[in-house]
Amino acid sequence: MKYRIESEFPCDRDTLIRVMYSEGIAEKLLPSMKSVREVQTLSRDEKDGRVRRRVRYLPVPMISSVGPKKVEPQWMEWVEESDVDLKAGRATYRNVPTTAGVAKLLKNGGEVEFVALGPGRTRRILSGELKVDVFVLGAIAERVIYGHAKDLVDEEAAALRRYIEGGGR
């Protein structure tokens with residue numbers, strides 16, 4: 001399934017990009033996010049006007065079982081792999097599940113665009129595709145995962161907004 005999630009922020013485009021991809025931002029936002037248990041920046045490299053980063057996320061589990069089978073929290077864990085072109089104001093991302101069996105079935109990635117709306121306002125447009133390769137149930141799983149992912153993205157946007165409004169605190 002294809003998706004698009006838009007969020008607005010009270011700052012100019014360059015500030016939003018700089019803050020959103022700054023060193024350790026995921027860890028700084030974690031206390032404001034109830035739907036994420038753990039976050040860890042695995043790598044961040046900035047050179048030639050690009051930022052490449054890898055961040056591991058362990059969300060609060062959305063389900064505990066599927067029928068009689070227990071769902072382990074780590075099955076929901078993923079690593080965000082981002083490549084940001086600072087000058088163009090665009091990023092690409094992939095969310096890669098850390099559990100091999102899940103990674104075979106679930107593919108997710110897309111783009112982030114930052115659009116200046118005028119003085120001190122920017123819209124972030126996160127678009128992409130989510131594919132769960134399971135016969136019949138894949139489309140249902142995609143809708144469930146998207147619903148939880150959208151809630152998480154909205155929560156992250158609210159935390160980032162508060163962080164920016166608070167001057168980086």
Side-chain angles (χ1 to χ4, degrees), residues 1-9 16-17 19-44 51-84 91-114 123-134 136-166 168-169:
M1 77 175 283
K2 294 188 184 293
Y3 59 86
R4 180 180 170 110
I5 304 170
E6 296 185 15
S7 308
E8 289 191 17
F9 296 87
L16 178 58
I17 295 168
V19 172
M20 188 172 154
Y21 293 99
S22 64
E23 183 74 43
I25 189 65
E27 290 84 354
K28 291 173 187 168
L29 298 180
L30 180 62
S32 298
M33 298 182 65
K34 293 175 179 48
S35 60
V36 178
R37 267 192 192 168
E38 296 176 18
V39 65
Q40 177 187 17
T41 301
L42 302 174
S43 64
R44 183 183 179 281
V51 173
R52 289 183 176 85
R53 75 173 187 185
R54 296 179 69 242
V55 181
R56 181 184 64 82
Y57 292 90
L58 178 61
V60 172
M62 60 180 135
I63 55 174
S64 59
S65 65
V66 175
K69 185 159 179 84
K70 185 177 189 291
V71 174
E72 297 297 328
Q74 280 67 29
W75 295 358
M76 308 294 169
E77 183 179 70
W78 78 92
V79 173
E80 167 213 317
E81 298 176 345
S82 296
D83 183 2
V84 186
T92 58
Y93 68 91
R94 284 185 344 141
N95 292 321
V96 181
T98 60
T99 300
V102 177
K104 284 182 183 177
L105 302 173
L106 190 147
K107 305 293 183 225
N108 177 229
E111 292 186 340
V112 184
E113 182 182 3
F114 300 89
R123 176 176 295 133
R124 177 182 72 183
I125 304 168
L126 190 144
S127 60
E129 186 168 9
L130 171 65
K131 178 72 177 150
V132 178
D133 193 17
V134 176
V136 180
L137 298 176
I140 295 167
E142 289 168 6
R143 288 191 299 273
V144 170
I145 292 167
Y146 168 75
H148 287 282
K150 182 179 183 321
D151 290 346
L152 195 147
V153 169
D154 289 344
E155 184 180 52
E156 176 269 343
L160 187 57
R161 207 175 290 111
R162 285 190 299 274
Y163 184 83
I164 290 167
E165 290 171 337
R169 291 182 300 286

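Heads up: numbering here begins at 1 and tracks the sequence.
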Practice prompt. Could you walk me through whether Leu160 and Val19 pass side-chain contact (heavy atoms from CB on, under 4.5 Å), step by step?
Written response: CA-CA 8 Å; Leu160 187 57; Val19 172; 3.8 Å; yes
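- Thr99 OG1 to Leu106 CG: the interatomic distance, rounded to the nearest 0.5 Å, is 11.0 Å.
- Looking at Leu126 and Tyr3, their side chains come closer than 4.5 Å, going by heavy atoms from C-beta outward.
- Val36 places a side-chain heavy atom less than 4.5 Å from the side chain of Leu30.
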Worksheet item: Under the side-chain contact (heavy atoms from CB on, under 4.5 Å) criterion, do Trp78 and Val96 qualify, and how do the steps go?
Response: CA-CA 5 Å; Trp78 78 92; Val96 181; 5.9 Å; no
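- Leu130 CG to Lys2 NZ: the interatomic distance, rounded to the nearest 0.5 Å, is 11.5 Å.
- Contacts classified as side chain to side chain donor-acceptor pair (under 3.5 Å) and involving residues 140-155 (residues at least two apart or in different chains) are given here: Ser35-Glu155, Lys150-Asp154.
- Within the 4.5 Å cutoff, the side chain of Met20 has heavy atoms near those of the Arg124 side chain.
- Defined by atom type and a distance below 3.5 Å, a donor-acceptor pair is present between the side-chain atoms of Thr41 and Glu27.
- Residue Arg44 places its CZ atom among more than 12 non-hydrogen atoms of other residues, nucleotides or ligands, all under 6.0 Å distant.
- Qualifying side-chain hydrogen bond (donor to acceptor under 3.5 Å, both in side chains) partners for Arg37, counting only residues two or more places apart in sequence or in other chains: none.
- Between Phe114 and Ile125, the closest side-chain pair of non-hydrogen atoms is not below 4.5 Å.
- Side-chain contact check for Val84 versus Thr92: every heavy-atom pair is 4.5 Å or farther apart.
- Atom OH in Tyr93 sits 5.5 Å away from atom CG in Asn108 (nearest 0.5 Å).
- A salt bridge is defined here as a Lys NZ or Arg NE, NH1 or NH2 lying under 4.0 Å from an Asp or Glu carboxylate O, and Arg53 with Glu23 fails to meet this definition.
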Item to complete: Evaluate side-chain contact (heavy atoms from CB on, under 4.5 Å) for Glu113 paired with Ser127, printing each intermediate quantity in order.
Response: CA-CA 8 Å; Glu113 182 182 3; Ser127 60; over 6 Å; no
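- Taken to the nearest 0.5 Å, the CH2 atom of Trp75 stands 14.0 Å off from the CG atom of Leu58.
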Discussion item. Would Glu80 and Arg54 count as a salt bridge (charged side-chain N to carboxylate O under 4.0 Å, His left out) here? Give the steps.
Written reply: CA-CA 5 Å; Glu80 167 213 317; Arg54 296 179 69 242; over 6 Å; no
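- Between the side chains of Glu77 and Thr98, at least one donor N or O sits under 3.5 Å from an acceptor N or O.
- Here CD of Glu165 is found 10.5 Å from CZ of Phe9. Values are rounded to the nearest 0.5 Å.
- Once rounded to the nearest 0.5 Å, the distance linking OG of Ser82 with CG of Asn95 reads 7.5 Å.
- Here the closest non-hydrogen pair linking Leu152 and Pro59 is CD1-CB, 4.3 Å.
- Salt bridge status for Glu129 with Lys131: absent, with no side-chain N to carboxylate O gap under 4.0 Å.
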